[in-house]
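Data block below; observations after.
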Amino acid sequence: MKYSNSNAEMLCSLRPEPLSNEPEKLQRDYLHYLNRHYGRFLGCDSYYIYSAMALVLRDRLTTNWHDTWVAYKDSSVKRACYMSLEYLIGRSLGNHILNADLGPALEKLLMNRAVSLEDIEEREPDAGLGNGGLGRLAACFIDSCATLQLPVVAYGLRYEYGMFRQKIENGRQIEEPDHWLRDGNPWEIERPEYTATIKFGGRTEEYYDADNIKKVHWVETQDVLAIPYDLPVSGYKNNTVNTLRLWKATATDEFNLDEFNAGSYTEAVSEKNNAEHITMVLYPNDVSENGKVLRLRQQYFLASATLQDVIRIWEKTGGEDYSKFPDQNVFQMNDTHPTIAVAELMRILIDEKGLEWDQAWDVTTKTMAYTNHTLLPEALEKWPVPMFEQLLPRLLEIIYQINARFLELISMKWPGDTDRQRRMSIIEEGGVKHVRMAYLAIVGSFSVNGVAALHSRLLAEGLFHDFYDLWPEKFNNKTNGVTPRRWIAYANPAMKQLVSEKIGENWISDLSEIERLKAFAPDTPENREFHQAWRDMKRQNKQRLANLVETNCGVIFNVDSLFDIQVKRIHEYKRQLLNVLHVIHLYNRIKAGDTEGWVNRCVLIGGKAAPGYQLAKQTIKLINNVAHMINDDPAVGERLKLVYYSNYGVTAMEAIAPGADLSEQVSTAGKEASGTGNMKFMMNGAITIGTYDGANIEILEAVGEENFFLFGLRAEEVEEQRHHYNPQSFIDTDEDLKAVMNLLESGYFNLQEPGIFNDIINSLKSPHDPWMTLADFRSYIDAQHAVEQAWRDQEEWTKMSILNTASSGFFSTDRTMLQYNEDIWKLKQIPVHSPVDV
Ligand SMILES: *Cc1c(COP(=O)(O)O)cnc(C)c1O
């Protein structure tokens with residue numbers, strides 16, 4: 001099928017009528033979808049009920065969605081384009097209901113039916129288009145941009161299979177494919193009229209144009225089509241509906257004619273399959289990719305389709321003079337994943353729009369901005385030049401050109417400093433040359449930001465210090481956040497109600513207001529009632545979590561116990577092992593009868609391991625084995641429980657954060673760029689036990705050290721000790737650590753499977769352990785003692801809990817987005833008027 005843009009516009013230049021939210025009208029539309037659209041009359045699978053409900057909601061967003069697009073298409077409006085390979089969205093129905101304030105009306109509609117709104121929400125699969133923090137950050141960002149009425153369009157990939165589902169069998173992680181689109185996605189709208197063509201392979205060819213200027217053709221390419229699917233991103237009660245545009249790869253309709261005529265009809269057709277592989281599956285690695293050609297294809301596919309789309313829209317809204325393009329467009333690249341966009345924009349401007357190099361470079365370096373997410377050098381993406389050359393020959397030429405000009409700049413500024421040139425080159429020399437994507441991003445961007453104060457400082461001092469010397473003005477910090485709509489108002493309705501009773505509802509879209517809760521934190525007679533209500537709210541949330549734990553893990557959590565929680569991707573630097581060592585220590589104490597003043601504790605650990613990350617997978621097995629020994633030991637009883645909560649994801653976190661008392665944020669200092677799980681826990685009134693790392697530092701500063709359990713070496717101390725790190729000396733001088741290591745090494749937790757934890761034990765005991773886990777053991781155990789002491793005074797704990805929520809205002813992504821806008825994007829907030837106003 002061919003689509004013509006002009007036809008599409010003729011048909012669609014209508015503004016959709018606003019729809020009524022009267023319960024009868026909602027009911028009528030709901031039945032329309034259930035009966036007529038889905039053809040369900042009698043009993044039906046509840047998935048159809050969910051889908052019909054989603055369509056009722058989507059219909060109610062369309063007028064605003066239309067109006068938002070129209071407002072942004074004004075030629076005077078500057079727009080930002082957020083580019084990310086990941087969006088860890090989770091479910092959408094409840095979020096849109098909250099934003100559209102349709103909860104009460106829908107409850108009414110369902111009053112006489114056998115199904116509750118909660119049951120319906122349960123049928124929505126998580127949109128798991130991301131791995132962890134980076135993808136969830138993108139999802140929080142777009143939520144905040146819609147609430148702030150910022151003209152930001154988000155672009156990503158429509159993976160057919162999202163993040164794998166994690167099962168635990170015999171204590172081990174099993175990955176199951178997540179075919180989340182199997183039953184259709186009622187939120188998305190396909191827009192084939194905006195299909196883009198993406199080139200791969202082929203070769204380049206020089207030619208002279210009419211003005212006798214040397215140009216390059218990229219020819220004999222194997223093309224793939226990119227079809228956009230739009231998802232609505234609603235703002236909180238404000239009529240704005242922004243767009244998340246996700247690209248799906250499909251084959252072109254052209255056959256390989258040679259093959260076709262040679263009689264290989266079926267081969268020619270199945271070639272087409274290859275194209276569709278590009279958006280088939282999300283890579284399940286949290287930090288490092290390992291040079292897979294399919295991953296590079298994904299990256300280029302996103303960058304090229306997105307740039308073509310942004311340019312198409314700009315030209316359609318009157319854009320012509322490319323020197324003005326940066327006044328109307330800005331690109332934010334989420335990590336190095338989409339940074340091939342720097343070279344792709346150059347290609348489009350030069351090869352397709354006819355700009356000269358210098359003009360094109362000026363446009364590119366005024367529109368591109370890059371966010372770095374990691375301090376781990378192994379996580380900085382590099383692509384082998386031969387692979388690059390085969391897949392994207394024209395892009396490689398452009399990167400070489402960029403690099404040649406860049407190195408010339410360096411040699412002018414530091415004449416004769418060849419070592420500096422080698423260090424800073426976008427092309428890494430060596431056996432096989434590599435393209436350093438982070439360096440391409442820095443050279444091509446006007447802004448480079450880290451995601452927490454410490455992280456941004458360490459980038460400038462360490463990983464990127466050569467670039468910081470050259471361009472200090474490019475570097476800036478934007479501390480991450482999370483959206484208070486999903487992470488408090490939606491996930492914790494009991495807290496939403498309690499807080500709103502005290503300080504009104506403004507905090508939902510202006511979290512700085514939550515500070516007003518501080519007045520109710522002191523343990524005074526007039527606050528007693530509120531403190532009791534706060535504890536009741538926590539208890540209710542803990543019961544909800546305990547029910548899930550029983551279903552998920554078959555273990556009963558007593559809500560009077562301290563809920564001690566660590567959920568995040570499993571990685572050595574995040575040090576789930578340190579947590580396990582503490583649990584084993586508690587077990588030793590129980591066995592040794594050292595239980596005076598004991599605090600009952602329920603420890604929950606959850607998270608996915610990258611399928612190829614052996615040590616992470618062994619860590620999961622260890623946690624499960626330790627859990628079995630402890631939970632089955634009658635001598636332990638209520639004093640200690642440990643569970644591995646399988647398939648951690650956004651939906652799980654919505655129940656976990658509100659039910660937490662203690663938030664474990666124990667990464668090796670200097671390794672966690674920011675963390676955002678820490679912020680969700682804080683907002684929900686959990687108290688952090690954490691290292692001086694990432695955004696923990698800013699959390700500590702906001703809440704005060706008396707309301708935070710700080711422990712461990714600082715980043716500088718870690719680097720200093722690294723040279724003479726001797727874990728054995730910690731074991732020799734600490735009886736508690738010695739007992740823990742002895743028990744682990746005795747095979748007590750793996751009697752049936754000798755040796756399976758040897759790799760873990762060896763890594764802990766290695767003087768080269770990069771994560772220096774044993775160096776922080778004593779300090780961690782002492783901090784856990786302080787936790788117990790604080791817990792024994794429940795009034796005091798309640799005060800700390802309230803103060804954590806009350807101090808979390810800074811960690812809203814609304815604040816983060818306003819700072820991106822103020823310092824980087826410079827967009828105007830565009831109010832969208834309510835349909836009834838116009
Ligand atoms: C917030 C979140 C993360 C990030 O957690 P960190 O503790 O910052 O690593 C990862 N996964 C999910 C599902 C989340 O909601």
Side-chain angles (χ1 to χ4, degrees), residues 84 86-91 95 125-141 143-144 162-166 178 180 282 284-287 334-335 373-376 379 451-452 454-455 479-488 490-492 548 565-576 578-579 604-610 616 645-660 662-668 671-684 686 688-691 693-699 808 811-813 816:
S84 177
E86 302 191 11
Y87 293 89
L88 191 45
I89 297 165
R91 291 176 175 155
N95 196 239
D126 270 37
L129 311 183
N131 273 284
L134 174 146
R136 183 54 232 175
L137 184 77
C140 285
F141 276 10
D143 178 275
S144 281
M163 190 60 204
F164 65 80
R165 223 169 319 113
Q166 180 194 54
D178 164 46
W180 73 294
L282 167 79
N285 291 322
D286 194 29
V287 279
N334 196 22
D335 212 328
H373 284 271
T374 178
L375 285 158
L376 306 182
V451 291
L454 173 71
H455 171 231
T479 299
N480 282 168
V482 302
T483 170
R485 266 77 61 191
R486 182 174 293 261
W487 296 112
I488 307 178
Y490 175 66
N492 198 340
L548 288 174
I565 298 186
Q566 185 176 27
V567 283
K568 47 183 76 247
R569 288 300 291 252
I570 310 299
H571 200 291
E572 289 161 274
Y573 86 82
K574 291 178 181 280
R575 296 200 299 194
Q576 281 87 2
L578 186 57
N579 193 347
L604 181 154
I605 303 178
K608 291 171 186 173
Y645 193 95
S646 65
N647 201 37
Y648 172 61
V650 171
T651 294
M653 187 55 158
E654 286 163 4
I656 291 170
L662 187 65
S663 159
E664 298 268 356
Q665 308 298 337
V666 303
S667 52
T668 310
K671 298 300 171 191
E672 185 72 271
S674 164
T676 51
N678 48 5
M679 300 168 186
K680 298 167 203 164
F681 283 112
M682 180 200 203
M683 280 182 190
N684 283 281
T688 306
I689 181 165
T691 47
D693 196 18
N696 289 356
I697 299 170
E698 288 153 86
I699 289 175
S808 66
F811 302 100
S812 166
T813 33
T816 312

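Both counts, for ligands and for their atoms, begin at 1 and track the order of listing. As the structure is a prediction and not an experimental result, all values here were calculated from the model.
- Remark: D178 pairs with no residue by the salt bridge (Lys or Arg N to Asp or Glu O under 4.0 Å) rule, at least two apart or across chains.
- Side chain to side chain, N480 and T676 fail the donor-acceptor criterion of an N or O pair below 3.5 Å.
- Partners of R575 according to the salt bridge (Lys or Arg N to Asp or Glu O under 4.0 Å) rule, which considers only residues two or more places apart in sequence or in another chain, are D776.
- Remark: the N131 side chain and the E86 side chain contain an N/O donor-acceptor pair separated by less than 3.5 Å.
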Need the list: ligand 1 N/O atoms against protein N/O atoms, distance under 3.5 Å, rounded to one decimal.
| from | atom 1 | to | atom 2 | distance (Å) |
| --- | --- | --- | --- | --- |
| ligand 1 | 7 (O) | K568 | NZ | 2.7 |
| ligand 1 | 8 (O) | T676 | N | 2.8 |
| ligand 1 | 8 (O) | G677 | N | 3.0 |
| ligand 1 | 9 (O) | K574 | NZ | 2.7 |
| ligand 1 | 15 (O) | K680 | NZ | 2.5 |

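- A donor and an acceptor atom, one from each side chain of Q665 and N696, are nowhere located under 3.5 Å apart.
- By the salt bridge (Lys or Arg N to Asp or Glu O under 4.0 Å) test, E572 is found to be paired with no residue, residues two or more places apart in sequence or in another chain being considered.
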